[in-house]
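Here the structure comes first, spelled out in structure tokens, and everything after it is commentary.
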Protein chains: 4
Amino acid sequence: MPKVGMEPVRRQQLIDATIESVAEFGLQATTINSISKKAGLSSGIISHYFAGKQGLIEATVRYLLTSLKRALIERVTTTTTPQQRLMYIVEANFARLQQQSDTTKTWLSFWAQSMHDVQLHRLQNVNSRRLYSNLACSFRSLMNASDAKLAAELCAAMIDGLWLRAVLSKSDQDQFEHCEQLAKGYVNSLIKQYGA
Amino acid sequence: MPKVGMEPVRRQQLIDATIESVAEFGLQATTINSISKKAGLSSGIISHYFAGKQGLIEATVRYLLTSLKRALIERVTTTTTPQQRLMYIVEANFARLQQQSDTTKTWLSFWAQSMHDVQLHRLQNVNSRRLYSNLACSFRSLMNASDAKLAAELCAAMIDGLWLRAVLSKSDQDQFEHCEQLAKGYVNSLIKQYGA
Amino acid sequence: MPKVGMEPVRRQQLIDATIESVAEFGLQATTINSISKKAGLSSGIISHYFAGKQGLIEATVRYLLTSLKRALIERVTTTTTPQQRLMYIVEANFARLQQQSDTTKTWLSFWAQSMHDVQLHRLQNVNSRRLYSNLACSFRSLMNASDAKLAAELCAAMIDGLWLRAVLSKSDQDQFEHCEQLAKGYVNSLIKQYGA
Amino acid sequence: MPKVGMEPVRRQQLIDATIESVAEFGLQATTINSISKKAGLSSGIISHYFAGKQGLIEATVRYLLTSLKRALIERVTTTTTPQQRLMYIVEANFARLQQQSDTTKTWLSFWAQSMHDVQLHRLQNVNSRRLYSNLACSFRSLMNASDAKLAAELCAAMIDGLWLRAVLSKSDQDQFEHCEQLAKGYVNSLIKQYGA
DNA sequence: GATGAATGAGTCTTCATTCAT
DNA sequence: AATGAATGAAGACTCATTCAT
């Protein structure tokens, strides 16, 4: 079955399979076999394309981060107001929950593992800071610099906290949307509180 | 070496060693050997007292939950005002970070694992609901029922979110205290916003 | 609880517990703990009285052999005819099955193990030869020497074969008695065939 | 080392190694390592082909049963007389002893274990019943139904008994042949006794 | 005389990696 | 390009033995 140009296809197949496996079994119980089986490929292919399990794990995290970033960029245009932009940030973050339930569990597994894996921790930090800076940037248009920083910090924590509790309690779709509404309401209250 | 009355001592030794090991290596890399080595005991003793690794893991989670609960109870007296009680709840939750840095990382590992372990998930839910009901109960003295529920939900998320971000960014002591202040400030703003 | 003169009591307790454990779990799954638990004693006592598990196993086999021997001696008197004596030999061997069902399974386990344990093999051979010589001695009164030897050999095999098939098929009491009758009938047919 | 079509080869290698190991060390002392070492393969391969030690044990028993069955079928043709057929049954059963001394000890170990292992017991019963029905079928051509049943039962016991005593006494080749002759003589005496 | 806490070697099993095809 | 057979280190668990009490 030697075909040319299969690389991007195979890589994505394996990343998708990794997300599914981590979601279903957890990071601990995810093996090279559980992944390759879900992908419908052989186990050897993982080392071929990702130089081992660890490489695939990292590539998967990078893919998730990129997806989140893209989810925001797609929403924002040049005519977007700061308030709208903030709402989009919230939406993009909760979209992790809605679009694909798998992604959610996977994300949390990677977070925990990042405590003990420098490579994952670096990636995790990029994501965390991006959320903060996106928020800070938007708030800055609506309030002074120090208030914007404070609002961004609080808002980032609120988003992560609502999201975390929703995931851990294995909430259903309605509860996810409820959390999203709470987050948006909180953004508005911050604007009202600190906004000029 | 056989002594009588060693059971409670050994059990606590092993639980402490488990917290240390999970903090240092992560739940995934924590083995029966890494634990027994830290405890200065043999590996066989774990099966003897906890009927296997899983039993020790669960006992450790139960211990952490009990500690958190006790941390709150110790602070609260009959003369505590609702506002003070809310502050104590915040403090008790952030004390996880201050008192023992190990506990923090351990906690997160268990959270992630609880997605794939029914026993751990049950324990995790007990904790999550306890935070919510403690907050709701205190807010209820200061505002109407529906506002109190909303405030408790938001506040629980804020505490978890701030705590999570502090842990994941491997913050130092000063940042932990900064987060605690943010949480307390948020409690006060909720009281001001919804309070009668 | 230090008492004097407990040795014979404890030894028998442990031997009985060993028979029970081997019958219930098999020789492979019989541990120092399964035995001591059945005996209602501590595990350490085994090393104390039998210098380890192996010593207890051998003592148990020796006890079973002695029991079998005694079962025959009790039946035989000076006035017993050769024919009666042969019937008693059959009865004594099948009594292993009737008196105590446990003994049966235990016996087979020890036989198998005797293939790989010189000590057990020696004991097993004593038993095997005793059956043969008991039979040969009795047949000798009824026929010439070479026929008696042949009859003894065939009869010993028939007894063991019937007994083995009864045990392996997990037969009930009725089937055991049926086998005993077959064995006795075979003894009579041998006497008729070769007897003067 | 990965080659295609190795599965049947590897499976047989491992089954042969299991027979050797059980013969040499006994079932109790046969480990995944003792087997894989004899096979000249790694220990992991056992789980790969047989999903664990237990699977290999069962496959080995099944192989032994099949071999015994085949040993009989090869001898019997359409022109075989009932008497000849009975002789072939005896021969096939004693061939276990002659062809491969290992098989013998292995067989006894499995018998003993079958008392405590439902899977093995089931297989053991298949074999036991097959011997009986083969004998009963052949005897039926030579005598009435009830006599044939009795003859088959006695004959099966005699074969197993002679075989067992030969194995347990660690007899040499000559003694094995002597036992086979005794068994054949017994068959003939049964035919003479009950035959029309 | 008796206990059972503690040990640690040994067992089965899992699984990431390698590599011949 | 892709497979999956094979490896072997590492994991959890078992259990006979030891020994302080």
Side-chain angles (χ1 to χ4, degrees), chain A residues 1-7 9-10 29-37 40-56, chain B residues 1-7 9-10 28-36 40-56, chain C residues 1-7 9-10 29-37 41-56, chain D residues 1-7 9-10 28-36 39-56:
Chain A
M1 310 134 186
K3 296 176 186 173
V4 287
M6 291 305 285
E7 180 163 340
V9 176
R10 293 285 179 249
T30 287
T31 68
I32 229 96
N33 275 325
S34 74
I35 295 169
S36 58
K37 197 172 179 182
L41 295 167
S42 73
S43 62
I45 202 77
I46 290 173
S47 288
H48 187 260
Y49 279 123
F50 294 97
K53 185 190 182 185
Q54 186 61 17
L56 175 53
Chain B
M1 309 118 196
K3 297 173 187 173
V4 287
M6 292 305 285
E7 179 162 341
V9 176
R10 294 284 178 250
Q28 186 150 22
T30 286
T31 68
I32 230 101
N33 279 325
S34 74
I35 295 169
S36 57
L41 295 167
S42 73
S43 63
I45 204 72
I46 290 174
S47 286
H48 187 258
Y49 280 122
F50 295 96
K53 185 190 180 186
Q54 186 62 15
L56 176 52
Chain C
M1 310 131 187
K3 295 176 187 174
V4 286
M6 292 305 285
E7 182 162 339
V9 176
R10 294 284 179 249
T30 286
T31 69
I32 227 95
N33 276 324
S34 74
I35 295 169
S36 57
K37 198 172 179 181
L41 295 167
S42 74
S43 62
I45 202 76
I46 289 172
S47 288
H48 187 260
Y49 280 122
F50 296 96
K53 185 189 181 184
Q54 186 62 16
L56 176 53
Chain D
M1 308 116 196
K3 296 173 187 171
V4 287
M6 292 306 284
E7 181 161 340
V9 177
R10 294 284 178 249
Q28 186 149 22
T30 287
T31 69
I32 228 96
N33 279 324
S34 74
I35 295 169
S36 57
L41 295 167
S42 72
S43 63
I45 205 73
I46 290 174
S47 286
H48 187 257
Y49 281 120
F50 295 96
K53 185 190 181 186
Q54 186 62 14
L56 176 52

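Within every chain, numbering begins at 1; the chains are lettered A, B, ... in the order of the sequence lines, protein sequences first and strands thereafter.
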Atom CG of C/L41 to atom P of E/dG4: distance rounded to whole Å?
10 Å
How long is the line joining NZ of C/K37 and C1' of E/dG4, in whole Å?
14 Å
So side chain to side chain donor-acceptor pair (under 3.5 Å) across residues 40-53 of chain A, not counting sequence neighbours, yields none
Inter-residue atom distance B/L41.CG - B/I46.CD1, 0.5 Å rounding:
8.5 Å
Just name whichever nucleotide pairs with E/dA20, Watson-Crick or G-U, keeping both distances under 3.5 Å, else none.
F/dT3
D/Q54 vs A/S47, nearer the 5' end of DNA chain E by closest nucleotide
D/Q54
Can you tell me how far P of E/dT13 sits from CG of D/L56, to the nearest Å?
10 Å
Round to a whole Å and report the spacing from CD1 of B/I35 to P of F/dC13.
10 Å
What is the distance from CD1 of B/I46 to P of E/dA5, rounded to the nearest Å?
16 Å
Suppose we define a pair by two distances each less than 3.5 Å, Watson-Crick or G-U wobble; what does F/dT14 pair with here?
E/dA9
Using a cut-off of 4.0 Å on non-hydrogen atoms, how would the nucleic acid contact of D/Y49 be classed: base, sugar-phosphate, or nothing?
sugar-phosphate
Both A/H48 and B/A51 contact DNA chain F. Taking the nearest nucleotide for each, which residue is further toward the 5' end?
A/H48
Pairs: protein N or O with nucleotides 8-11 of chain E N or O, under 3.5 Å:
none

Within less than 4.0 Å of OP1 or OP2 of E/dG1, is there a side-chain N or O belonging to C/R10?
no
Separation of A/F50 atom CZ from E/dT17 atom C1', in whole Å?
17 Å
Rounded distance (nearest 0.5 Å) linking atom CZ of B/F50 with atom CD1 of B/I32:
11.0 Å
Between C1' on F/dA6 and CD on D/E7, what's the gap in Å once rounded to a whole number?
13 Å
Using heavy atoms to find the nearest nucleotide of DNA chain E for B/G40 and D/G52 separately, return the residue whose nucleotide is more 5′.
B/G40
